[in-house]
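A, B, ... follow the sequence lines: proteins, then strands. Residue 1 opens every chain.
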Amino acid sequence: MQNSEELKWALLIASLAMLAMAFCMIAFVMYYQKKRFEEEKRINDIEKNYNRLLLDTALNSEETERRRIAQDLHDDIGTMLSLTKLSLNQLSKLVANSGDEKEESIMKKSQSLVEETILHVRRITRDLVPTTLERFGLMEAIEEFIHKLEEDNNLVIAFQSNTEEFPRQGQKLELTLYRIMQELVNNAIKHASCTKIDIVLEIDEEMIGLRVTDNGVGFDPEKIKESNLAGLGLLGIESRLAIVNGTVQYEQPARGGSSAIARIPVNPASGNKPEPLHPFRRERVNI
Amino acid sequence: MFDSHFAYIVNNPISSIAVFVTVLPLTLTITRKAFLDKSLRLLFCYLVSKLIIDIIMLHLASTRTNNLILYNLSIPLFYALLSGMFYFQFTGKAQKGFVLTSIVGVFVFSIWDIFNSNENLGDLNEHRLVLYAKTVEGVLMISLILLYFYEIIKSLQIPNLLTFPFFWVCSGLLLYYSSLIFLAPFLHYTYTWNNQTDLGITEVIPSIFEILCAVLFSVGIYNFSPRKYAK
Ligand SMILES: Nc1ncnc2c1ncn2[C@@H]1O[C@H](COP(=O)(O)OP(=O)(O)OP(=O)(O)O)[C@@H](O)[C@H]1O
Ligand SMILES: [Mg+2]
């Protein structure tokens with residue numbers, strides 16, 4: 001009898017120990033799984049941030065490089081051209097005095113060539129660095145861009161916005177929107193063979209929307225991505241947006257053409273820093 | 001006519017609850033359409049057969065007939081159904097092969113064990129519980145579950161275990177078999193039909209965990225959603 005009593009206890013203890021082990025096992029699996037997942041997620045986040053940083057740096061240095069080129073053009077070639085123009089002016093007086101018709105006409109031609117070159121250099125520097133954007137904001141910059149395009153293209157470009165006064169945004173965000181608009185419009189001109197482009201800029205409390213619609217041949221972004229047709233343009237749009245948490249969406253309206261909508265969370269210009277934005281600052285700019 | 005049944009249920013409340021609690025996961029399987037999943041379909045078969053066998057055993061017990069043959073025969077059946085679930089969960093060939101061989105192995109072994117434990121098979125009245133088969137079943141089930149846990153941890157494919165039905169099923173089974181594994185070999189000696197040595201509380205533990213197991217099954221099945229499965 002004594003034995004069976006002991007046996008009972010032994011059995012009870014063994015069973016309870018086994019159960020405790022089972023409980024621990026289940027708890028351990030749950031805990032370990034959760035920890036591994038958190039770790040995995042952390043690594044993913046780090047990787048994502050790192051990629052973003054890389055992209056950011058690449059775009060930053062592109063922008064800095066543009067500024068450097070623009071500044072060199074402006075300072076070196078621009079100055080030289082001004083000096084050349086000055087010298088030519090003096091020379092032209094001498095030539096005028098001499099009264100030779102032929103010399104005078106050559107003189108006129110050289111002067112107008114230099115004049116034209118100066119204009120070209122100025123245009124190129126302004127294209128390289130969107131000074132209007134930095135001084136006056138998105139609306140003015142887009143209007144200027146459209147204006148220039150309409151001059152030498154047979155195109156109607158319409159621009160609408162849902163506000164009169166578009167609030168200034170962070171420098172990086174404005175530049176992103178501007179470059180995206182540039183690429184979308186350039187694409188429409190290059191590929192769509194359209195006659196009309198609509199640009200719509202909308203802002204509400206949270207989001208800024210930029211919509212560019214053309215009435216051209218239209219395209220399927222999925223197919224383009226798959227078929228390696230994508231140039232740097234569409235990819236660039238996506239990587240620029242990734243940095244500012246934006247998204248882009250392409251649509252094919254029923255009446256033909258194509259439409260692209262980029263959406264970016266608003267990020268008003270930080271503080272009230274009225275620091276004048278010199279277009280050709282040498283130091284590294286944080287776009 | 002059901003007087004004896006009621007008397008039996010009142011005398012053995014916990015093991016009777018363990019019989020009827022099976023209805024809970026069963027209904028949940030039907031309402032949540034859990035049988036869409038292959039593993040949970042096998043679990044459904046297991047629950048149905050368990051309910052039927054348990055009710056027959058309860059009936060026989062309350063009419064004082066020896067029901068142990070049913071218990072013995074249920075061992076290979078239950079093992080086949082339960083480990084079959086793991087067959088669908090494992091991805092490796094080796095594990096699948098192991099599951100299939102173990103099903104055949106347990107079948108052969110428990111038949112042998114029935115002959116081994118009963119000198120005179122014809123005498124159903126004196127039928128006794130198998131000696132080793134239940135323990136072997138328990139050991140194999142526990143190893144399958146641990147193997148499966150290892151796979152879960154290794155593959156990292158389930159983001160949230162708490163909403164993953166099969167994890168609950170495994171936990172329930174692990175607890176049930178853990179509570180049973182030390183007791184099983186003694187049942188052969190204590191559960192002879194005429195002379196029941198009382199093991200006290202130890203005897204009730206498996207029934208308690210049978211109930212807990214059914215509850216965990218229910219939680220798991222409740223977490224099943226056909227939409228997620230379709231993905
Ligand atoms: N508005 C559009 N209408 C029709 N097709 C378009 C339009 N925009 C883009 N595409 C198609 O998508 C392709 C990819 O455009 P993407 O801007 O990425 O490259 P790209 O313009 O050819 O080169 P890049 O922009 O690098 O100079 C284009 O080649 C063109 O076929
Ligand atoms: Mg392009």
Closest heavy-atom pair and its distance - L175(B), L19(A): O-CD2, 3.4 Å
Under 4.5 Å from any heavy atom of chain A, what part of L156(B) do you find: side chain, backbone, both or neither? both
Is it true that atom CZ of R263(A) has more than 12 heavy atoms of other residues, nucleotides or ligands lying nearer than 6.0 Å? no
Let me know if I205(B) has heavy atoms under 4.5 Å from chain A in its side chain, its backbone, both or neither. side chain
Counting only heavy atoms from other residues, nucleotides and ligands, does the tally under 6.0 Å from OH of Y250(A) exceed 12? yes
So how far is it from L183(B) CG to L11(A) CG, rounded to the nearest 0.5 Å? 5.5 Å
Contacting moiety of F28(A), where chain B heavy atoms sit under 4.5 Å: side chain
Can you check whether anything in residues 72-84 of chain B gets within less than 4.5 Å of chain A, heavy-atom wise, and list it by number? none
Kindly indicate whether the side chain of F182(B), heavy atoms from C-beta on, has any atom under 4.5 Å from the side chain of I13(A). no
Output the distance between atom CE (M21(A)) and atom OG (S178(B)), rounded to the nearest 0.5 Å. 7.5 Å
Report yes if some heavy atom in the side chain of F167(B) is under 4.5 Å from a heavy atom in the side chain of I26(A); otherwise report no. yes
At under 4.5 Å between heavy atoms, what parts of residues 193-207 of chain A are in contact with chain B? List them by residue number. none
Contact list (residues 132-151 of chain B to chain A, heavy-atom gap under 4.5 Å, by number) returns I142(B), L146(B), F149(B)
For chain B, which residues from residues 34-52 of chain A have at least one heavy atom closer than 4.5 Å to it? R36(A), F37(A), E40(A)
Nearest 0.5 Å, what's the OG-CD distance between S155(B) and Q33(A)? 7.5 Å
Select, from N160(B), I158(B), I152(B), the one with the greatest count of heavy-atom pairs under 4.5 Å involving chain A. I158(B)
Between P206(B) and chain A, with a heavy-atom cut-off of 4.5 Å, which part of the residue counts as in contact: side chain, backbone, both or neither? neither
Let's go through M18(A) and Y177(B) carefully: what are the C-alpha distance in whole Å and the side-chain angles of both, what is the deciding distance for side-chain contact (heavy atoms from CB on, under 4.5 Å) to 0.1 Å, and is it a yes or a no? CA-CA 9 Å; M18(A) 190 68 205; Y177(B) 280 103; over 6 Å; no
